[in-house]
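Please read the structure below before turning to the comments.
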Amino acid sequence: MKKYLIKIPESIIQKDGYTLKTYKNEKNAAILETDLTTDGFEVIAEITGNDFYSDEAISGRGERLLTLEIERRWLVKIPENISDFSFHRIEQAYLSPESGFQGRIRRLDDKFIYTEKARTGSSAVRIENEREITEEEYLSLKKQTILNTIKKRRYIIPYGGLTFELDVFENTAESGYALMEAELESETDTADVPDFVEIIQEVTNDPYYTNRNLASMDVIRLLK
C-alpha cells in the first residue's frame with residue numbers, strides 16, 4: 001500500500017481501495033493510503049516508507065503532519081560591520097529528489113544534519129523535515145550527492161525581533177554580495193530588515209537564488 005501526503009480535499013468521500021487519515025491538530029494536510037490512482041487528490045509528496053510520517057512519529061508531534069518553513073530572502077551587499085556578528089561555517093550538498101522530497105546534507109560547524117524539503121503552492125513556504133546524523137552517515141551520503149558542494153559562512157544578525165541569517169559564499173564570481181533570509185511565523189508577517197544592510201532586491205520568489213540552483217554553478221554568480 002502506498003502512502004501520500006495530500007492537501008485535505010474540500011469534500012472527504014470514502015471510496016473502496018482508499019484510506020484517508022485526518023488528524024485533529026492538522027488543518028491543511030492528510031494521509032492517503034492506496035494502490036490505486038491519486039487522480040482527484042492534490043498530492044504534496046509520496047511518503048511510502050518515510051519514517052517522519054509513521055504513526056508513532058505523528059503522535060509524537062501532537063498529530064501534526066507539516067513542519068513548515070516560512071522565510072523571505074534578499075540579495076544584499078555585505079555590510080561593513082559584518083565582523084560584529086557571530087557566524088557558522090556551513091558545508092552542504094544535495095541528493096537526487098525522491099518521492100517529491102529534495103534531500104540535503106549539511107555540516108554546521110561540528111554538527112551533521114539531514115534535511116528533506118518539499119514544495120507547497122507558495123515560494124515562501126516549504127515543508128521541512130530535519131534530523132541530526134552522525135559524521136559517518138554524512139560522509140556516506142556525501143558519496144551520493146549531486147551538483148556541487150556549497151560552502152559558506154552564515155552570520156547571525158538579531159534585529160527587530162527577528163533573526164536574520166546572512167550567507168557569504170565561497171567560490172563566487174563577485175565579491176561584496178550575499179544572500180540574507182529571515183524565518184517568519186506566517187506569510188503575512190512583515191520583516192523590517194536591518195537598517196545597516198543595503199538591499200539589492202528581494203528574491204524570495206526567484207528560483208535562481210535557491211541554494212540548490214547555486215549548487216548547479218561551477219562558480220556562483222549572485223548578480224545575473
Side-chain angles (χ1 to χ4, degrees), residues 1-73 92-106 112-134 137-138 140-147 183-188 204-216:
M1 186 74 69
K2 291 185 177 180
K3 293 174 65 173
Y4 301 89
L5 182 65
I6 66 168
K7 292 190 176 180
I8 295 179
E10 292 183 5
S11 58
I12 299 176
I13 302 173
Q14 297 296 333
K15 299 180 181 179
D16 290 340
Y18 294 87
T19 300
L20 186 64
K21 295 182 178 179
T22 57
Y23 299 85
K24 64 180 182 180
N25 292 328
E26 183 57 73
K27 298 178 180 179
N28 300 309
I31 288 179
L32 175 69
E33 297 181 354
T34 185
D35 282 328
L36 303 176
T37 175
T38 57
D39 291 348
F41 297 97
E42 190 171 350
V43 175
I44 299 171
E46 183 183 338
I47 56 173
T48 307
N50 188 320
D51 290 341
F52 191 83
Y53 296 103
S54 68
D55 291 341
E56 182 180 2
I58 295 170
S59 177
R61 294 196 300 276
E63 296 199 3
R64 292 302 304 267
L65 296 179
L66 302 184
T67 302
L68 297 179
E69 176 191 56
I70 304 172
E71 64 182 20
R72 291 173 62 185
R73 185 180 295 113
Q92 67 186 45
Y94 295 86
L95 302 166
S96 295
E98 183 177 347
S99 299
F101 286 96
Q102 170 70 66
R104 183 192 71 194
I105 56 170
R106 170 181 282 176
F112 301 90
I113 302 165
Y114 173 80
T115 304
E116 57 182 12
K117 295 189 178 188
R119 296 180 180 276
T120 67
S122 168
S123 300
V125 183
R126 299 192 181 198
I127 299 167
E128 181 178 80
N129 304 329
E130 187 173 278
R131 63 182 173 87
E132 194 166 341
I133 59 176
T134 65
E137 288 176 300
Y138 177 84
S140 177
L141 287 169
K142 195 171 182 182
K143 297 175 184 177
Q144 306 171 38
T145 57
I146 59 175
L147 308 176
E183 191 164 337
L184 308 176
E185 291 294 325
S186 75
E187 286 188 85
T188 58
T204 300
N205 298 316
D206 191 339
Y208 180 89
Y209 289 100
T210 62
N211 275 253
R212 189 187 187 285
N213 186 56
L214 298 181
S216 71

In this structure, which one of Asp35, Thr34, Asp39 forms a side-chain hydrogen bond (donor to acceptor under 3.5 Å, both in side chains) with Thr37?
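In the set Asp35, Thr34, Asp39, the residue that makes a side-chain hydrogen bond (donor to acceptor under 3.5 Å, both in side chains) with Thr37 is Asp39.
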With rounding to the nearest 0.5 Å, note down the distance linking [atom1] in [X] to [atom2] in [Y].
{"X": "Glu116", "Y": "Ile105", "atom1": "CD", "atom2": "CD1", "answer": "14.0 Å"}
{"X": "Thr210", "Y": "Tyr94", "atom1": "OG1", "atom2": "OH", "answer": "7.0 Å"}
{"X": "Asn129", "Y": "Ile47", "atom1": "CG", "atom2": "CD1", "answer": "9.5 Å"}

Does Arg61 count as lying over the ring of Phe52, i.e. NZ or CZ under 6.0 Å from the six-ring centre, within 45 degrees of the axis?
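Output yes; distance and angle both within limits.
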Examine distances only and state if a side-chain atom of [X] and a backbone atom of [Y] form a donor-acceptor pair shorter than 3.5 Å.
{"X": "Thr38", "Y": "Phe41", "answer": "no"}
{"X": "Ser59", "Y": "Glu56", "answer": "no"}
{"X": "Thr145", "Y": "Leu95", "answer": "no"}

How close do [X] and [Y] get, counting heavy atoms only, and between which atoms?
{"X": "Ala30", "Y": "Leu20", "value": "CB-CD1, 4.1 Å"}
{"X": "Pro207", "Y": "Asn213", "value": "O-CB, 3.6 Å"}
{"X": "Phe112", "Y": "Thr134", "value": "CB-O, 4.0 Å"}
{"X": "Arg73", "Y": "Thr204", "value": "N-OG1, 2.8 Å"}

Do [X] and [Y] come within less than 4.5 Å of each other through their side chains, counting heavy atoms only?
{"X": "Ile58", "Y": "Ile31", "answer": "yes"}
{"X": "Tyr18", "Y": "Leu32", "answer": "yes"}
{"X": "Leu5", "Y": "Asn50", "answer": "no"}
{"X": "Ile146", "Y": "Arg212", "answer": "yes"}
{"X": "Ile8", "Y": "Lys27", "answer": "no"}

For Thr115, which residues count as a side chain to side chain contact (heavy atoms under 4.5 Å, CB included) partner, sequence neighbours excluded?
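Side chain to side chain contact (heavy atoms under 4.5 Å, CB included) check on Thr115 returns Arg104, Ile113, Lys117, Glu128, Glu130.
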Only counting residues at least two apart or in another chain, list the ones meeting side-chain hydrogen bond (donor to acceptor under 3.5 Å, both in side chains) with Glu132.
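Listed in chain order: nothing, the list is empty.
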Kindly write out the residues that satisfy side-chain hydrogen bond (donor to acceptor under 3.5 Å, both in side chains) with Glu26, not counting sequence neighbours, or none if the list is empty.
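side-chain hydrogen bond (donor to acceptor under 3.5 Å, both in side chains) list for Glu26, sorted by chain: Arg64.
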Walk me through whether Thr48 and Glu46 qualify under side chain to side chain donor-acceptor pair (under 3.5 Å).
CA-CA 6 Å; Thr48 307; Glu46 183 183 338; 2.9 Å; yes
